[in-house]
Amino acid sequence: VLTRLELGGRRAGISQRSAVAQVQVGRYHLSRRTQASILKSADYFREASRIDPKYAEAYAWLANSLSLLPEYGINEPGNADEGRQAARRAIRLDPELSNAHTALGWILFSHDWNWADAEREFRKGVELARDEALPHQRYGLALIARSRFSEAEAQLTLAQQLEPLSMSPMINLAELWFYAHRFDREEAQLRTILDRDPESAVARAMLAKVESLTGRGKEAIEEMKRLL
């Protein structure tokens with residue numbers, strides 16, 4: 001016969017495993033990067049935090065998913081507020097959780113326009129997880145917006161090296177060269193991407209744009225036709 005303490009421990013273990021499973025499913029939906037999938041991922045992360053209110057990862061991933069919504073056309077202020085609160089809750093539960101600092105940094109940067117505090121959080125996220133791509137990638141994107149291109153290149157190059165099979169950091173590097181008006185380097189980067197993934201609509205649209213900007217209208221039209 002199990003004692004009350006043993007029963008409580010078993011139930012806690014089951015709840016924790018269930019919360020971890022919810023986060024894993026949520027991360028899958030988040031990785032699909034569509035408006036619907038990101039909204040769905042947030043529901044899984046909320047459920048994980050409901051099941052285990054002390055599970056810091058659930059709050060951190062919720063903050064990450066909510067921080068992405070403006071990029072997909074959803075700009076409700078409540079999302080940023082919920083994301084900020086979730087990131088701070090995660091940090092209270094686990095101050096060494098890089099993911100939470102990175103998510104908070106992105107919300108402070110993209111929603112609050114509080115660069116000083118955002119950069120502090122980005123740096124903390126990188127410091128805690130130097131071997132993970134996400135903190136370098138998010139910090140690099142923020143540095144592009146601040147026109148600190150050499151620093152952005154260093155962060156995004158690290159992100160690419162850490163996730164060599166991911167196209168996302170490669171696209172971000174192309175974006176960097178676009179904003180730095182280094183169209184030659186942007187084009188070279190985009191052609192590298194298209195060599196690896198000829199079906200990349202994002203890379204092909206960006207290539208058409210750079211061809212148009214550099215006076216090659218016919219080539220740009222041909223690239224756009226390939227998107228149809």
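- A heavy-atom distance below 4.5 Å is not found between the side chains of Glu219 and Glu222.
- Residues Gln137 and Ser168 bring a donor and an acceptor atom of their side chains to less than 3.5 Å of each other.
- Closest non-hydrogen pair, Leu66 versus Gly83, comes out as CD1-N, 3.6 Å.
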- [ ] Test side chain to side chain contact (heavy atoms under 4.5 Å, CB included) on Lys209 and Glu223 and set out the steps.
- [x] CA-CA 9 Å; Lys209 186 172 184 178; Glu223 291 295 343; over 6 Å; no
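- The side-chain heavy atoms of Val23 and Tyr44, taken from C-beta on, include no pair separated by under 4.5 Å.
- Without hydrogens or angle criteria, Glu151 side chain to Gly140 main chain gives no donor-acceptor distance under 3.5 Å.
- Closest approach of Thr102 and Pro135 over heavy atoms only: OG1-CB, 3.5 Å.
- The distance from atom CG of Leu39 to atom NE2 of His29, rounded to the nearest 0.5 Å, is 12.0 Å.
- Between Gly105 and Ala118, the shortest heavy-atom distance links the atoms O-CB, 3.4 Å.
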Task: Step-by-step salt bridge (charged side-chain N to carboxylate O under 4.0 Å, His left out) determination, Lys40 to Asp43 - done: CA-CA 5 Å; Lys40 194 168 187 176; Asp43 289 337; over 6 Å; no
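- Residue Arg88 holds its CZ atom at 9.0 Å from CD1 of Ile107, rounded to the nearest 0.5 Å.
- Between atom CZ of residue Arg204 and atom CZ of residue Arg191 there is a gap of 8.5 Å, rounded to the nearest 0.5 Å.
- Linking ILVMFWY side-chain heavy atoms closer than 4.5 Å, directly or via other members, places Leu156 and Phe178 in a single hydrophobic cluster.
- Remark: side-chain polar atoms of Ser110 are paired, donor with acceptor, to backbone N or O of Trp106 under 3.5 angstrom.
- With no hydrogens or angles considered, a side-chain donor-acceptor pair links Glu175 and Asn172 at under 3.5 Å.
- Annotation: Glu76, atom CD; neighbour count of heavy atoms from other residues, nucleotides and ligands within 6.0 Å does not exceed 12.
- Under the 3.5 Å distance criterion, the side-chain polar atoms of Ser166 are left unmatched by any main-chain donor or acceptor of Glu163.
- Not counting sequence neighbours, the partners of Gln155 by the side-chain hydrogen bond (donor to acceptor under 3.5 Å, both in side chains) test are His136.
- Residues Phe45 and Ser65 form a side-chain contact, since some pair of their non-hydrogen atoms from C-beta on lies under 4.5 Å apart.
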Under 3.5 Å donor-acceptor pairs involving side-chain atoms of residues 192-199, not counting sequence neighbours:
residue	atom	partner	partner atom	Å
Thr192	OG1	Ala188	O	3.0
Arg196	NH1	Pro164	O	3.2
Arg196	NH2	Pro164	O	3.0
Asp197	OD1	Glu199	N	3.2

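- Arg89 places a side-chain N or O within 3.5 Å of a backbone atom of Pro53 that can act as its donor or acceptor partner.
- Rounding to the nearest 0.5 angstrom, the gap separating the CD atom in Glu47 from the CD1 atom in Ile51 is 4.5 Å.
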TODO: Under the salt bridge (charged side-chain N to carboxylate O under 4.0 Å, His left out) rule, what do Glu121 and Lys124 come out as? Steps first, then yes or no, please.
DONE: CA-CA 5 Å; Glu121 296 297 333; Lys124 186 67 174 177; over 6 Å; no
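- Side-chain contact, Arg216 with Thr214: a donor N or O sits under 3.5 Å from an acceptor N or O.
- Distance check: Gln160 CD to Met167 CE gives 9.0 Å after rounding to the nearest 0.5 Å.
- Leu104 places none of its side-chain heavy atoms less than 4.5 Å from the side chain of Asp117.
- In this structure, CG on Asp52 lies 11.5 Å from CD on Glu57, to the nearest 0.5 angstrom.
- A single hydrophobic cluster is not seen to contain both Ile171 and Leu158; linkage of ILVMFWY side chains at heavy-atom distances under 4.5 Å, directly or through other members, places them apart.
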TODO: Start with the C-alpha distance between Lys218 and Glu211, add both sets of side-chain angles, then the distance that settles salt bridge (charged side-chain N to carboxylate O under 4.0 Å, His left out), and finish with yes or no.
DONE: CA-CA 9 Å; Lys218 289 183 180 180; Glu211 286 173 337; over 6 Å; no
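- Two residues are said to be in side-chain contact when any heavy atoms from C-beta on lie closer than 4.5 Å; Glu186 and Leu213 fail this criterion.
- Of all heavy-atom pairs between Ala90 and Ala56, the closest is CB-O, 3.5 Å.
- Under the 4.5 Å side-chain heavy-atom criterion for grouping Ile, Leu, Val, Met, Phe, Trp and Tyr, Ile38 is not connected to Tyr59 through any hydrophobic cluster.
- Side-chain atoms of Glu119 and Tyr139 form a donor-acceptor pair, as typed in the model, at a separation below 3.5 Å.
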Open item on the list: Using side chain to side chain contact (heavy atoms under 4.5 Å, CB included), reason through Ile91 and Leu97 one step at a time and then give a plain yes or no.
Closed with: CA-CA 7 Å; Ile91 292 168; Leu97 190 56; over 6 Å; no
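- Scanning for side-chain hydrogen bond (donor to acceptor under 3.5 Å, both in side chains) contacts around Asp94 gives an empty result, with sequence neighbours left out.
- Cluster annotation: Phe122 is connected to Ile144 through the hydrophobic network of ILVMFWY side chains, with a link wherever side-chain heavy atoms come within less than 4.5 Å.
- Nearest heavy atom pair, residue Ala60 against residue Asn99, reads CB-ND2, 3.9 Å.
- By the 4.5 Å heavy-atom criterion applied to side chains, Glu82 and Arg46 are counted as neighbours.
- For Tyr179, the OH atom counts as loosely surrounded, since its 6.0 Å shell holds 12 or fewer non-hydrogen atoms of other residues, nucleotides or ligands.
- Counting only heavy atoms from C-beta outward, the side chains of Leu134 and Asn64 approach each other to under 4.5 Å.
- Listed here is the closest heavy atom pair of Gly26 and Ser41: O-CB, 3.1 Å.
- Residues Leu162 and Val126 fall into different hydrophobic clusters, defined by Ile, Leu, Val, Met, Phe, Trp and Tyr side chains chained together at heavy-atom separations under 4.5 Å.
- Looking only at side-chain heavy atoms (C-beta outward), Leu128 and His101 come within less than 4.5 Å of each other.
- A donor-acceptor contact shorter than 3.5 Å is absent between the side chain of Asp112 and the backbone of Asn114.
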- [ ] With ring pair (Phe, Tyr, Trp, His ring centres under 6.0 Å) as the test, would you mind laying out the steps for Trp115 and Phe109 before giving the verdict?
- [x] CA-CA 6 Å; Trp115 175 248; Phe109 161 68; 5.7 Å; yes
